[in-house]
Amino acid sequence: MWDRLAASDPGLLRLTAGLRTVTAIALTLAVLAAVGVPVPHLVAGAMAAMVATFAIREKQPARQALTLALGLPVALASVSLGALLNQHVVAGDLFFVALIFSAVYGRRFGDRGTALGLIGFQVYFLSLFVRATPGVLPALYGVICVAFACSATARFVLLPQTPAGTLDRLRRAFRARLAQLIASQAKLPDAGPEEMEKILEELRDRTARLHETALLIQGRLEDGTPDPAVARLLQRRVADAEIAAERLGLLLLTARSAERTDTLTLHLPGAPVPSGVALPVRDGAAAALRRDLRALRVLMLRPAGEASGVALAQVRNRLLGYREEENLPDASPAVQDVFRGLGEAARASLGLRLALDGPQDESADSPATTRSREELDAEDTAIEISEEQAPQTAEPTGLKRPTTRAALQVAVGSSLAIAGGELLSSQRWYWAVLTCWIVFLNTASTGEILVKGYRRLLGTVLGVVAGIGLAGLVGHHTWTAFALVLLFIFAMFYTAPLSYTLMSFFVTAMLGLLYTLLNTYSAQVLVLRIEETALGAACGVFAAAVVLPVHTHRRTDELLVAVLDRLADVTRGAVDQLSGGAGGDLVERARELDQALADLRAATQPLTHPITPLRSRRDSVRYVVALLETCAYHGRSLAATAELLPTHPSIAADPRLRGACGRIVHNIEAIAAHVADPRAAEEIESGPSIASMLEPGTLRTPRYGRVTDRVLRHLQRLDEAVSGLARPLGVTGGQNR
């Protein structure tokens, strides 16, 4: 069950965020209740504790403490201005718009600027919510100070979270998700045709979840690992394990089919299901395959401290033995490839175990295991921190800077929301402003703002229904209501990264309870919240569409070009190294490619959302993203193989690879140029397969053939996938090469 929790919440980041916020609020309520403050001040303290906890996103505890300390005077100034300006409508509205502009513009100063802006805005909103007046300011000062102190206690004393600890939990999550993926793959040998679609969907989901965790680990390595060499080693081992697991799934699918499975099967829903009723293997090999898939899952899942001894050593030795030709079972070439894939996955598991858990007992090692250890040791020794610096891109200035554009957009949208909200309600107009503010958070295009506004409105409607029911049940039972508020706050933070609609639901249900506590509840108030939310979302979308708009197609085109540029860098560097040159830091380049693709995938959500009316465009976008995921998989595999070149005895450099892959890089650059400027004259080139362009020779010797075939397979699949991108993106073909 712990492994399931670790897999569902990598690094326990959502659980920690929810528990830390709830703990801070509970401490605040306990302290304030002990001194007998009235219920409105309890509500203010709970809201201030929540803001002080969730606003801070920095990873280092020292930086968190400084930001929290700076946030206290910001909060005190904000609540003071809110109370003083509450009675002056025009001045208050003008200041609120200026505050919103400053809070959004502050994002350009990083996590600290974002946190201080968020605290300033939310505490001003708090003053409006509790209807603060100058007379209650001293009491509110004390409440806010208590809230910040309780937030600090929850963060640094009761639920501390260090970068190293988070990284350790992410490693466990990676193991757990790796084991889940292998468990899904273990269903493939015996699956019937009617089960394949469901299993493939499970494979896609778990492959994507594994990749998400790998990116989280790579993003935390710098802070969680003080030694750069150790960080780079972990990065490589995580990438190796991910690639080995993906490759094993493809080999299993290929073994079910008479022809090699298209990589799109793992990336595109609706891709053709591999033919075959079950894996065509002899009884002995079938039993061994089932047994060894289960054994591989155990190897991947358990750290050295939890699974050691002779039994584990024997399992590991058997799996690593499949890397030797003489240990392969009597079966078809495709099935033998599956066993080779098991051996490579076991080697990746061994490398991951050594990187995460350190040296282990080697007394029970077989010769195959000893050779694998020697290869891994040689790779570790060869690791050098690359001094290569990424090219510095010119930062946009003026109105082209994203923070400036977003600040102007949200200021205009908030002004409209204030005007419209006042018409709906002179007392609760600020709900429209809050919605307008929120739909601009973590969005970069008009389409993203539209989808976020739709999700917030849907969650609000559902939350109003729940709030009406809960308010009737709870009545005036103050502490029961506060207990439910804490439960909803935990659910809000736990579900926020998963579903914005769910988060909005819990927020609105919680507000219904808060209105009950403040004796201002009525069904009309919650219905008014729906109206204000719809108005705020509409104002946000209008401002995004009119004021310095960034249309979704423009945003996705920019990100698509970035993905293609990263793909060209990875391919060129990997092939240079495989050809005998120096490819640079390929693992870091592959990580940049994965991050660029993740950004593109997020930006295309408005185009692939179920409510989009452009069905054909939605299918085209999904197809392009799936092709890019296929390209990224083969690019990562090439980079990982090239990184092995200096130390691996089974890989020899071949200068002919550089010439053979020239067409791939040219086509990637041609497609990128066409996306950036549709009038570009570049055309893609076509020609014979990559393998046929290489004459028989050193690449076909029995000793090196298997590993080199893998390199050629990735190049061939990458060539096909890049050529496939040309059609949906409207790039024409040119001469043969």
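As the structure is a computational prediction, the values presented were derived from the model and not from experiment.
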| request: Taking Thr16 for its side chain and Leu13 for its backbone only, find out whether a donor-acceptor pair lies under 3.5 Å. | output: no
| task | Could you give me the CA-CA distance, side-chain angles and deciding distance for Val238 and Leu221, then say whether side-chain contact (heavy atoms from CB on, under 4.5 Å) is met? | result | CA-CA 11 Å; Val238 166; Leu221 282 174; over 6 Å; no
| Ion pair present between Arg232 and Glu588, side-chain N to carboxylate O less than 4.0 angstrom? | no
| Side-chain contact, heavy-atom cut-off 4.5 Å: Arg353 with Leu299? | yes
| field | Approximate separation, where rounding is to 0.5 Å, of Thr213 OG1 and His211 NE2 | value | 10.0 Å
| task | For the pair Arg204 and Glu201, evaluate salt bridge (charged side-chain N to carboxylate O under 4.0 Å, His left out) and give the outcome as yes or no after the intermediate values. | result | CA-CA 5 Å; Arg204 293 185 193 107; Glu201 187 59 36; 3.2 Å; yes
| task | Report yes or no: does Lys452 contribute a side-chain atom to a donor-acceptor pair with the main-chain N or O of Ile438 at less than 3.5 Å? | result | yes
| query | Atom CD1 in Ile144, atom CG in Leu126: separation rounded to 0.5 Å? | reply | 6.5 Å
| task | Check whether any side-chain N or O of Arg14 sits under 3.5 Å from a backbone N or O of Gly11 as a donor-acceptor pair, and report yes or no. | result | no
| task | Return the minimal non-hydrogen interatomic distance between Ala603 and Thr556, and the atom names on each side. | result | O-CG2, 3.8 Å
| task | Apply the test side-chain contact (heavy atoms from CB on, under 4.5 Å) to residues Gln605 and Val451: give CA-CA distance (whole Å), side-chain angles for both, the deciding distance (0.1 Å), then the verdict. | result | CA-CA 8 Å; Gln605 285 185 2; Val451 169; 5.6 Å; no
| remark: Sorted by chain and number, sequence neighbours left out, side chain to side chain donor-acceptor pair (under 3.5 Å) with Ser78 holds for none
| Which heavy atom in Ala632 sits nearest to a heavy atom in Leu597, and how many Å separate them? | CB-CD2, 3.8 Å
| Gap separating the CZ atom of Arg247 from the OH atom of Tyr633, nearest 0.5 angstrom | 5.5 Å
| said: With a 4.5 Å cut-off on side-chain heavy atoms, are Leu560 and Leu628 touching? | reply: yes
| Interatomic spacing from CZ in Phe129 to CE in Met47 - rounded to 0.5 Å | 5.5 Å
| query | Below 4.5 Å, heavy atoms only, C-beta onward: do Gln185 and Arg297 meet side chain to side chain? | reply | no
| remark: Applied to residues 488-510, the side-chain hydrogen bond (donor to acceptor under 3.5 Å, both in side chains) test, sequence neighbours excluded, yields Arg456-Tyr500, Thr508-Arg529
| task | Check step by step if salt bridge (charged side-chain N to carboxylate O under 4.0 Å, His left out) holds for Asp594 and Arg591. | result | CA-CA 5 Å; Asp594 290 338; Arg591 190 186 75 84; over 6 Å; no
| task | Dump the intermediate steps for side-chain contact (heavy atoms from CB on, under 4.5 Å) on Arg566 and Gln595, then the final yes or no. | result | CA-CA 10 Å; Arg566 301 289 185 277; Gln595 188 58 59; over 6 Å; no
| Side chains of Thr446 and Val550: does their closest heavy-atom pair fall under 4.5 Å? | no
| query | Considering only heavy atoms from C-beta outward, does the side chain of Ile56 approach that of Leu68 to under 4.5 Å? | reply | yes
| Got a sec, which residues hit side chain to side chain donor-acceptor pair (under 3.5 Å) with Arg63, two or more places apart in sequence or on another chain? | Glu58
| Taking all atoms of both residues into account, what is the closest heavy-atom pair of Ala147 and Thr28, and its distance? | CA-OG1, 3.7 Å
| Atom CZ of Arg555 and atom OG1 of Thr604: how far apart are they, to the nearest 0.5 Å? | 11.0 Å
| message | Classify the ring geometry of Tyr105 against Phe109: parallel below 30°, tilted from 30° to 60°, perpendicular beyond 60°. | response | perpendicular
| task | Check whether any side-chain N or O of Asp240 sits under 3.5 Å from a backbone N or O of Ala348 as a donor-acceptor pair, and report yes or no. | result | no
| said: Applying salt bridge (Lys or Arg N to Asp or Glu O under 4.0 Å) as the test, list every pair that has at least one member in residues 595-606; sequence neighbours left out. | reply: Arg601-Glu629
| task | Check whether any side-chain N or O of Ser349 sits under 3.5 Å from a backbone N or O of Ala345 as a donor-acceptor pair, and report yes or no. | result | no
| query | Do Val143 and Leu32 have side-chain heavy atoms sitting under 4.5 Å apart? | reply | yes
| field | Separation between CG of Leu535 and CD1 of Ile530, rounded to the nearest 0.5 Å | value | 13.5 Å
| task | Determine whether Arg177 and Glu212 make a side-chain contact, defined as any pair of heavy atoms from C-beta on separated by less than 4.5 Å. | result | yes
| Does the gap between the ring centers of Trp437 and Tyr430 come in under 6.0 Å? | no
| field | Residues forming a side chain to side chain donor-acceptor pair (under 3.5 Å) with Thr53, sequence neighbours excluded | value | Ser151
| query | Is the backbone N or O of Gly536 less than 3.5 Å from a side-chain atom of Thr435, with the two atoms forming a donor-acceptor pair by type? | reply | no
| field | Closest approach of Met503 to Ala496 (non-hydrogen atoms, all atoms of both residues) | value | SD-CB, 3.7 Å
| request: For Leu178 and Ala245, work out which heavy atoms get closest and say how close. | output: CD1-CB, 3.7 Å
| said: Whether the Ser184 and Arg206 side chains hold a donor-acceptor pair (N or O, under 3.5 Å, no angle test) is what I'd like checked. | reply: yes
| remark: Note: Val79 and Leu76 closest approach over all heavy atoms is CG1-O, 3.3 Å
| All pairs passing side-chain hydrogen bond (donor to acceptor under 3.5 Å, both in side chains) where residues 113-126 contributes a residue, at least two apart | none
| Leu511 vs Trp431 side-chain heavy atoms within contact, under 4.5 Å | yes
| said: Could you walk me through whether Leu293 and Leu248 satisfy the side-chain contact (heavy atoms from CB on, under 4.5 Å) test, starting with their C-alpha distance in whole Å, then the side-chain angles of each, then the deciding distance to 0.1 Å, before giving a yes or no? | reply: CA-CA 10 Å; Leu293 282 169; Leu248 179 60; 4.0 Å; yes
